[in-house]
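What follows is one structure encoded as structure tokens, with my remarks underneath.
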Amino acid sequence: MLRLGDYNTLRIVKKVDFGLYLDGGEEGEILLPQRYVTKAMHIGDDIEVFIYLDQDERPVATTEHPYAKVGEFACLEVAWVNQYGAFLKWGLMKDLFCPFREQKKRMEQGQRHIVYIKVDEDSYRLMATAKVEKYLGDPWEPRNPKDTNESSDASLSHGTAVDVLVWQKTDLGFKVIVDNKYQGQIYENQIFQPLHSGDRLTGYIDHVRQDGKIDITLQPTGHQHTLDFAEVLLRYLYENDGRCNLGDKSPAELIYDRFHVSKKAYKKAIGDLYKRRLIVIEEDGIRLA
């Protein structure tokens, strides 16, 4: 079945002056316009194309890659607005429509918004919606109601690296979208770099809360990370006359500027080295034992 707003592998069945026709199954033949045709394409070849709708709302193929496909979230810029809604730049020749009813606030040209891309059930048209909350899943569903210790999504274990899309600023830090599925939160005390809505970066699972939200850190977590950074800190001491003027009471910003780790990670590494009797903790920092 042809997947609208997604990548499809289709067979070339006909060559015409204005492009190639691809076998779209029940949807009939799908045009790949001449601007996307290469000399390497021949009748009978299977090629991967993205399927969307042209100006006449007919399926058409392209070898271009949009910023996101159906079922994904993206931060898109408003190209223009008319009496029906906004049209967003998404990497293809035809802009993506976001009707006023799908906007949380009126979009204006030049603004950027986090949206979810979907196929409208009534019109079978590709559409963006800024009401992204309703498309974010709950990592606890489905699950055994008696089991309150483990998420139903095994990929969300503590310390796991995940893809993060920065969503919006809050009093606590930043809301984020995790692995294109769930709502997460990066707290202010975990942020040691500039963040903006639309940024994509790697984060790490800290905790999956019972309300379905996921706490994210920007530093690797867990015992192995502590051991790894402890060795980095130890090497720093050997290379700097056995001393470091940063202790467990030093400002988090100074720690991050020098070592690019959180204060929490720094204190754990100090604790690990101290237990191994490799360092001495002093009032103004640490030194080799």
Side-chain angles (χ1 to χ4, degrees), residues 73-75 112 114 139 151 155-209 211 213-289:
F73 301 87
C75 184
R112 298 179 65 85
I114 301 293
S151 165
S155 68
L156 299 180
S157 58
H158 177 77
T160 301
V162 290
D163 293 323
V164 170
L165 172 63
V166 179
W167 179 7
Q168 63 185 32
K169 184 79 172 69
T170 71
D171 292 339
L172 298 176
F174 279 89
K175 286 184 181 180
V176 297
I177 296 173
V178 180
D179 272 352
N180 207 59
K181 296 178 184 178
Y182 310 115
Q183 180 174 328
Q185 175 79 40
I186 302 176
Y187 290 99
E188 193 70 45
N189 63 359
Q190 292 290 331
I191 299 172
F192 304 100
Q193 63 192 73
L195 291 183
H196 307 91
S197 179
D199 287 349
R200 289 188 180 273
L201 59 157
T202 298
Y204 301 88
I205 302 293
D206 186 41
H207 178 62
V208 181
R209 307 203 312 253
D211 62 1
K213 308 300 190 299
I214 302 173
D215 293 341
I216 297 291
T217 72
L218 297 181
Q219 304 283 333
T221 61
H223 182 62
Q224 185 58 49
H225 176 58
T226 299
L227 292 178
D228 291 344
F229 176 65
E231 298 308 313
V232 171
L233 182 57
L234 187 61
R235 185 168 65 250
Y236 174 91
L237 291 170
Y238 278 116
E239 294 174 352
N240 289 272
D241 298 324
R243 299 189 64 84
C244 177
N245 62 349
L246 297 176
D248 57 8
K249 296 180 181 180
S250 298
E253 294 78 8
L254 293 180
I255 293 172
Y256 184 81
D257 286 344
R258 188 174 304 181
F259 295 108
H260 297 286
V261 298
S262 67
K263 184 171 181 176
K264 181 178 179 181
Y266 186 74
K267 291 173 67 175
K268 284 185 176 181
I270 289 178
D272 176 72
L273 294 177
Y274 182 76
K275 289 177 182 178
R276 291 156 60 187
R277 299 182 179 180
L278 295 174
I279 64 170
V280 174
I281 300 175
E282 299 180 332
E283 187 69 27
D284 59 347
I286 58 175
R287 65 173 174 84
L288 286 173

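Computed from heavy atoms alone, side chains included, the values below leave out hydrogens, waters and symmetry copies.
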**Message:** Assess the residue pair Leu218 and Ile186 against the criterion (side-chain contact (heavy atoms from CB on, under 4.5 Å)); give the C-alpha distance rounded to whole Å, side-chain angles, the decisive distance to 0.1 Å, and a yes or no.
**Reply:** CA-CA 8 Å; Leu218 297 181; Ile186 302 176; 3.7 Å; yes
**Fill in**
Here the pair of heavy atoms bringing Val208 nearest to Pro139 is CG1-CG, 3.9 Å
**Item:** Identified side-chain contact (heavy atoms from CB on, under 4.5 Å) counterpart of Gln185 within the set Ile214, Val176, Thr170, Ile216
**Value:** Thr170
**Prompt:** Is the gap between the ring centers of Tyr236 and Phe259 under 6.0 Å?
**Reply:** yes
**Request:** Would you please test Tyr274 and Ile281 for side-chain contact (heavy atoms from CB on, under 4.5 Å) and show each step?
**Result:** CA-CA 8 Å; Tyr274 182 76; Ile281 300 175; 3.9 Å; yes
**Message:** Check this for me: does any side-chain nitrogen of one of Asp248 and Lys264 sit under 4.0 Å from a carboxylate oxygen of the other?
**Reply:** no
**Request:** Start with the C-alpha distance between Glu188 and Lys169, add both sets of side-chain angles, then the distance that settles side-chain contact (heavy atoms from CB on, under 4.5 Å), and finish with yes or no.
**Result:** CA-CA 10 Å; Glu188 193 70 45; Lys169 184 79 172 69; 3.3 Å; yes
**Request:** For residues Leu201 and Val166, determine if any side-chain heavy atom of one lies less than 4.5 Å from a side-chain heavy atom of the other.
**Result:** yes
**Salt-bridge present (Glu282, Arg243; N to O < 4.0 Å)** = yes
**Prompt:** Out of curiosity, Cys244 SG to Leu237 CG, how far, rounded to the nearest 0.5 Å?
**Reply:** 6.5 Å
**Asked** Is any NZ, NE, NH1 or NH2 atom of the basic residue among Asp211 and Arg209 found under 4.0 Å from an Asp or Glu carboxylate oxygen of the other?
**Response** yes
**Fill in**
Closest heavy-atom pair, Ile255 versus Gly247, reported as atoms and distance to 0.1 Å, is CD1-O, 4.2 Å
**Prompt:** Heavy-atom distance under 4.5 Å between the side chains of Tyr256 and Lys263, does that happen here?
**Reply:** no
**Asked** If you take all heavy atoms of Ala161 and Thr202, which pair is closest and at what distance?
**Response** CB-CG2, 4.1 Å
**Fill in**
Between the OH atom in Tyr182 and the CG atom in Asn180, the distance rounded to the nearest 0.5 Å is 11.0 Å
**Request:** Verify, without hydrogens or angle tests, whether Asp199 (side chain) and His196 (backbone) share a donor-acceptor contact under 3.5 angstrom.
**Result:** yes
**Item:** 4.5 Å side-chain heavy-atom contact, Tyr187 and Asp215
**Value:** yes
**Message:** Between Tyr266 and Lys268, is there a side-chain heavy-atom distance shorter than 4.5 Å?
**Reply:** no
**Prompt:** If you take all heavy atoms of Leu165 and Gly198, which pair is closest and at what distance?
**Reply:** CD1-O, 3.7 Å
**Item:** Side-chain touch Leu234/Leu288, heavy atoms, less than 4.5 angstrom
**Value:** yes
**Message:** So Ile205 and Ser157, do their side chains get closer than 4.5 Å, heavy atoms only?
**Reply:** no
**Request:** With the side chain counted from C-beta on, respond yes when Cys75 and Arg112 share a heavy-atom pair under 4.5 Å apart, and no when they do not.
**Result:** yes
**Request:** Evaluate the criterion side-chain contact (heavy atoms from CB on, under 4.5 Å) for residue pair Gln183 and Trp167; output intermediate values, then yes/no.
**Result:** CA-CA 9 Å; Gln183 180 174 328; Trp167 179 7; 3.6 Å; yes
**Message:** Taking Glu231 first and then Arg276, would you say they form a salt bridge - that is, a charged N and a carboxylate O separated by under 4.0 Å?
**Reply:** yes
**Message:** Under a 3.5 Å threshold, yes or no: a donor from one side chain and an acceptor from the other, between Arg258 and Asn245?
**Reply:** yes
**Message:** Counting C-beta onward and ignoring hydrogens, is there a side-chain heavy-atom pair between Ile270 and Ile286 closer than 4.5 Å?
**Reply:** yes
